[in-house]
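Have a look at the structure below, then the notes.
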Protein chains: 2
Amino acid sequence: MDEKQFLAEYNKHHYDSPLVTVDAVLFTYHEECLKVLLVERANHPDRGKWGLPGGFVDLEHDKTLEETVRRKLKEKTGIEPPYLEQLQSIGNAERDKRGWSVTVAYTALMAYQACASHISTVADAQWLALDKVGQMDLAFDHQAIINLARERMRQKALYSIIPAYALPEIFTLPELQHLHEVLIGKALQKKSFRRRIEQAELLIDTGKKRSEGGRPAVLYRMKQSSGAYTFVRNLED
Amino acid sequence: MDEKQFLAEYNKHHYDSPLVTVDAVLFTYHEECLKVLLVERANHPDRGKWGLPGGFVDLEHDKTLEETVRRKLKEKTGIEPPYLEQLQSIGNAERDKRGWSVTVAYTALMAYQACASHISTVADAQWLALDKVGQMDLAFDHQAIINLARERMRQKALYSIIPAYALPEIFTLPELQHLHEVLIGKALQKKSFRRRIEQAELLIDTGKKRSEGGRPAVLYRMKQSSGAYTFVRNLED
DNA sequence: CCAATAGTGTCTATCAGACATTATCTA
DNA sequence: TAGATAATGTCTGATAGACACTATTGG
């Protein structure tokens, strides 16, 4: 039998395959807190519980897994996040009551303001402070996935400024530093933090400043390429 | 409807789901070369082409995705690799002629000797030098997956000694250094390389030596925990 | 002895940590 | 002026790069 004939006769429904979903851990930074976007499940299983935005691949319309995630996130936030990276896939027989299931999990970052208005129109989606999420009983294994995402983002805070994607386009250095401190879980030396970012020329001075009860802080914007930059030397763990 | 009833009536065959496979990029180091294990495909599609070891999840017997990979690798090599880590999932409508397909790709490392005898009994599996693999026309998108795995391993060579899992249990420092040099693609300072490994106490001196036409090299063994160790400062890229 | 390979000594450059000091705003 | 927050000056310590040097084998 040649390949053409094989494909003509191939019917995937003859083979048992796992369920395939995508899930996104979308972080943001607001009011000095890390927050994650959660969605109240409208359907079984785990109906009524909160969980990560995500869902099944639409074989008709999605060309890639990433398109599926982007579509799902846009439904909930109104926009596509400026940072989206695959985190890990989790697949086993236990994680979904419907049967053997694989989820491809993504980590995403966006500014709180960028979608605040849209989210307020979607009753079932909400930003929740990460500290509180830890106490909740989430759907499926979403708690574990959030922990994975957080740990990965903590690592990135040590050797990149990727967390900046969780801030508005224009931000101050003290803001970025505090976000890194929250992720890493300890205070950083401001001199060290500024120095490495200055030397690598990762930010653009907008010329504007923002006052916050003391000396005004310079407002910066990320360079296009700065997300890809990694420092050769990490901050202390 | 409650959840129990929902699950009783749930039939996943009513929903279209992508095909799910796993693939492993298994590297080793032999004769001063990086090699990758490839398998000649016995079935359509791409029958006769070489590709990565892997295949479909067995919903009956595999409890997790990682079990699937371990099973597949054991079939080809006779053993389970000492290093196995998820690389990335690739899912889109184009990569498999049978339709929308997701593969969960893993990177694995093992010693060449550990499975040389078994592989010689499996006619369709073979170690191929990575340089030559680049010229081949592999099945599916396996060429791209190999490139991803190689790039990831290159990064790890800059901040860890994970590549050591591609060596026999007992090895010399010059061997490990050369492996890192092949991965990184440039010569390293032996002083720097030795110093950081010594200071981090990652290896155990076996007390034995191996002669290679000059001064004999000390034979080392990895500590249990050394795979998890990351240097705070990377080697130069 | 020489050639070959393994391993060391030591200087320099870079950069993060620590922390004191200065700058610039508001009340 | 005082208090708050932002930004800088400057010293120290850790560690990678460079490269010359010594050590240990076989022929």
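Numbered from 1 within each chain, the chains take letters A, B, ... in sequence-line order.
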Taking atom types as they are modelled, is there a donor-acceptor pair under 3.5 Å from the base of C/dG7 to the side chain of B/K191? no
B/R196 near the nucleic acid: base, sugar-phosphate alone, or nothing, with a heavy-atom cut-off under 4.0 Å? sugar-phosphate
Give one of base, sugar-phosphate or nothing for B/E212, where a contact means two heavy atoms less than 4.0 Å apart. sugar-phosphate
OP1 or OP2 of D/dT25 under 4.0 Å from side-chain N/O of B/S211: no
Ignoring hydrogens and geometry beyond distance, is a side-chain donor-acceptor pair present between B/N92 and A/T64 at under 3.5 Å? no
So what does A/L188 hit on the nucleic acid, given a heavy-atom distance under 4.0 Å: a base, only sugar-phosphate, or nothing? nothing
Is A/K190 side chain donor-acceptor paired with the D/dA7 base, going by distance under 3.5 Å alone? yes
Are A/R95 and A/S101 close enough that a side-chain donor and a side-chain acceptor fall under 3.5 Å? yes
Would you say the ring centers of B/F27 and B/Y29 fall short of 6.0 Å from each other? no
What is the separation between atom CG on B/L176 and atom P on C/dA6, rounded to the nearest whole Å? 13 Å
Determine whether any donor atom in the side chain of A/R215 lies under 3.5 Å from an acceptor atom in the base of D/dG3, or the reverse, and answer yes or no. no
Give DNA chain D the dot-bracket treatment, 5' to 3': Watson-Crick (N1-N3 with N6-O4 or O6-N4) or G-U (N1-O2, O6-N3) under 3.5 Å, [ ] crossing, | other strand. |||||||||||||||||||||||||||
With a 3.5 Å cut-off and sequence neighbours excluded, list the donor-acceptor pairs that the side chains of residues 103-116 of chain A form with protein atoms.
from   : atom 1 : to    : atom 2 : distance (Å)
A/T103 : OG1    : A/T21 : O      : 3.4
A/T103 : OG1    : A/T21 : OG1    : 3.2
A/T103 : OG1    : A/D23 : OD2    : 2.6

Categorize A/E175 for me: base, sugar-phosphate, or nothing, with a 4.0 angstrom heavy-atom threshold over every strand shown. nothing
Phosphate contact (D/dA16 OP1 or OP2) by B/Q189 side-chain N/O below 4.0 Å: no
Between D/dA14 and B/R233, counting only base atoms on the nucleotide and side-chain atoms on the residue, is there a donor-acceptor pair under 3.5 Å? no
Which part of the nucleic acid does B/V218 contact within heavy-atom distance under 4.0 Å: base, sugar-phosphate only, or nothing? sugar-phosphate
When only distance counts, do a donor and an acceptor, one from the side chain of B/R195 and one from the base of D/dG17, lie under 3.5 Å apart? yes
Mind running a 4.0 Å heavy-atom check of residues 161-169 of chain A against DNA chain D and sending the residues that fall below it, in number order? none
